[in-house]
Structures are given as C-alpha cells and as structure tokens.
There are 2 protein chains.
Amino acid sequence: MNHSELENYLKAIGEGTRLKILKFIIDGPLCICDLIETLDMSQPAISQHMRRLKEENIVLDEKRGRWTYWSLNAKHPQYPILLHLLSLLPTLELLKHPCTNETEER
Amino acid sequence: MNHSELENYLKAIGEGTRLKILKFIIDGPLCICDLIETLDMSQPAISQHMRRLKEENIVLDEKRGRWTYWSLNAKHPQYPILLHLLSLLPTLELLKHPCTNETEER
DNA sequence: TAACTATATAAGTGGTTGCTTATACAGTCA
DNA sequence: TGACTGTATAAGCAACCACTTATATAGTTA
C-alpha cells in the first residue's frame, strides 16, 4: 500500500457521517432508507457516502428488490483495523424508521 | 473517543504529505529544513502540516537553538495504530539537505 | 398500466483544505 | 550590532468536499 492509497482509505473512513454509517452496519446490513431518519440527512447524501465507501471496497452492496443492502466488506485488507477504530466509538441508537421493509426477513 | 474526535484524528493523518512526514520522523526527530528538499514543498507548507499534527498531539516539538525538532508522540492513545498504518507504507529516502545542522549532534 | 418506493446520478453551492508568497520573529555568529 | 538562518503566521487562491434540490431509473403493488 503506497502513500496515496493509504491517504484515500483514511479519507474515506475519516468523515463523520461515514464513520456513523460504518458503525451502524457493523451490526448487519442496512439500506439507505434505514439511515435517513437517524442521520437526519437527505437520501442522495447518504447514497453518495455509500458510493465513496464502495469505491474503496470498504463496503459491499447487495441489491434485493427495491433495496440495496450495505454491509462491511470483511475481506478488505484493513478490515481488522477498521473494526478496531470503530470499537473506539460510542454506540449509536438507530431510530425506528418508516421503511416498507420493516417486517421483512433480512 | 467520539465520532468527531476520531474524524479529526483520521483527517490529520489521512493526508499524503503528512503521511510522508510521519513516516520520516519514525526514525528520529527532524526539523522542517530537513524535509523541504525531499518533500519539494515550501517551508510554510511543511510548518502548517506540523501545526495540524501538533493540534492532534500526534507529534511533539522541541525547540533547540534556531531549530524545532519534530518527533512522534509515543504517548498518544492511537500511537500503536499509527505505527501499524505507517508500517504499511514503503520506505522513503530522505534527500541530503543543506541545513546548517548537518554535523550537529542530535 | 399507473402510482408508489428506494436508489442513483446530475448540477449547483458554501465551506474547507493545502498550497503559495510575503512578512514577522527568534536564535546564531561574524 | 547586523547579517544570516530557521520557523511561524497571515493573506490569498484554486481545488476539493459534503451537502442540497431536481431528476432519472428500477422494482413493487394496486
């Protein structure tokens, strides 16, 4: 890993909203609509954060029906470090949300 | 450590030039004039990077004569992680420099 | 099919960042 | 003292970033 690659990685995870997203999806895949209320942010904003994280292969996306489920990529070389960094953060509460998938099997 | 503190920390270390600086000072304290030629960058630019790193307590500065020697702060809570991240980077060669402290005892 | 839901993308914008040059300040040494 | 060296700070600027709103796309369901 060269300087520029590490820089890009650290910039991807080193942003407040993205740290929160990563902290949330430790506990299992989430779709964007699960996060809108909690993050108090527009849907496109969250989508753009997901794209940034995906560019770095930090997260995986799985399309199922109208939803895209986002999860941590456990095969990323820096996944153990990421887990450790996220463990430094306090737990955040995920607000209940009005997504239509609420009762769905995950 | 909360989200905003981790964000600030990652932003401090997640920048190309600062990563290079940190990689260099692993091997011992350096002053700014030691880095100008190697980084091919103005003295104020390097000074500003040092200030940013100092704000996060990632580095220590020790004034001696006209020089300020910068070193890693081994007491920083994330020092072990930092060392590990820097270990991922290839070694860089520090160019010879015209500083007047060349023959000085460090 | 048409309305609805979830997501992605595009375009625009204000704030931040990393550099530059200019300048001030402090220590060294003839 | 005065010239010199090393550093820090200030101001300005171009590029980048994280948001917004508007819109396009795709799947679901009545």
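A, B, ... follow the sequence lines: proteins, then strands. Residue 1 opens every chain. Computation of the quantities below employed the complete heavy-atom set of this structure, encompassing side-chain atoms and omitting hydrogens, waters and symmetry-equivalent molecules. Quantities reported herein were computed from a predicted structural model and do not represent experimental measurements.
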Checklist outcome for this item: Assert: residue with more 5' nearest nucleotide on DNA chain C, out of A:Lys11 and A:Met50, is A:Met50
Next on the checklist: Output the rounded distance in Å from CG (B:Leu30) to P (D:dG6).
Outcome noted: 14 Å
Checklist entry - Out of C:dA6, D:dT20, D:dT7, which has the shortest distance to the side chain of B:Gln43? => result D:dT7
Item to check | For atom CD1 of A:Ile32 and atom C1' of C:dA8, their distance in whole Å | outcome: 8 Å
Checklist entry - Got a donor-acceptor pair under 3.5 Å from the side chain of A:Gln48 to the base of D:dA18? => result no
Item to check | A:Thr17 or B:Lys63, whichever maps to the more 5' nucleotide of DNA chain D | outcome: B:Lys63
Checklist entry - B:Met41 near the nucleic acid: base, sugar-phosphate alone, or nothing, with a heavy-atom cut-off under 4.0 Å? => result sugar-phosphate
Checklist entry - Given A:Lys11 and A:Glu7, is the salt bridge (Lys or Arg N to Asp or Glu O under 4.0 Å) satisfied, shown in steps? => result CA-CA 6 Å; A:Lys11 282 185 170 157; A:Glu7 175 180 7; 2.7 Å; yes
Next on the checklist: Applying a 4.0 Å non-hydrogen cut-off, can you work out what B:Thr68 is touching in the nucleic acid: base, sugar-phosphate, or nothing?
Outcome noted: sugar-phosphate
Item to check | Closest heavy-atom pair and its distance - A:Asp34, A:Thr38 | outcome: O-OG1, 4.2 Å
Provide a list of protein-nucleic acid N or O atom pairs under 3.5 angstrom, restricted to nucleotides 25-30 of chain C.
| from | atom 1 | to | atom 2 | distance (Å) |
| --- | --- | --- | --- | --- |
| C:dT28 | O3' | B:Arg66 | NH2 | 3.3 |

Next on the checklist: Distance check needed: D:dC17 C1' versus A:Glu56 CD, whole Å only.
Outcome noted: 15 Å
Next on the checklist: Tell me the interatomic distance from A:Leu10, atom CG, to D:dC16, atom C1', rounded to whole angstroms.
Outcome noted: 17 Å
Item to check | Nearest-Å distance for atom pair CG/P, residues B:Leu35 and D:dA8 | outcome: 12 Å
Item to check | A:Arg18 backbone acceptor or donor facing A:Glu15 side chain under 3.5 Å | outcome: yes
Checklist entry - Rounded to the nearest Å, what distance is computed from the CD atom of residue A:Glu62 to the P atom of nucleotide D:dG27? => result 15 Å
Checklist outcome for this item: Tightest non-hydrogen contact, residues B:Ile58 and B:Leu22, listed as CG2-CD2, 3.9 Å
Next on the checklist: Can you measure A:Asp61 atom CG to D:dA26 atom C1' for me and round it to whole angstrom units?
Outcome noted: 15 Å
Item to check | Side chain of A:Arg51 (C-beta onward), nearest among C:dG18, D:dT9, C:dT9 | outcome: C:dT9
Checklist entry - What's the shortest heavy-atom distance between B:Tyr69 and B:Cys31, and which atoms? => result CD2-N, 4.1 Å
Checklist entry - Donor-acceptor pair, B:Ser87 side chain versus B:His84 backbone, under 3.5 Å? => result yes
Next on the checklist: Please classify the nucleic acid contact of A:Arg52 as base, sugar-phosphate, or nothing, using heavy-atom distances under 4.0 Å.
Outcome noted: nothing
Checklist entry - Considering only C:dA8, C:dA22, D:dG6, which nucleotide approaches the side chain of A:Ser47 most closely? => result C:dA8
Checklist entry - Does B:Leu60 offer a backbone N or O that forms a donor-acceptor pair with the side chain of B:Asn73 under 3.5 Å? => result no
Next on the checklist: Please report the distance, rounded to the nearest Å, between CD in A:Glu15 and C1' in D:dA18.
Outcome noted: 7 Å
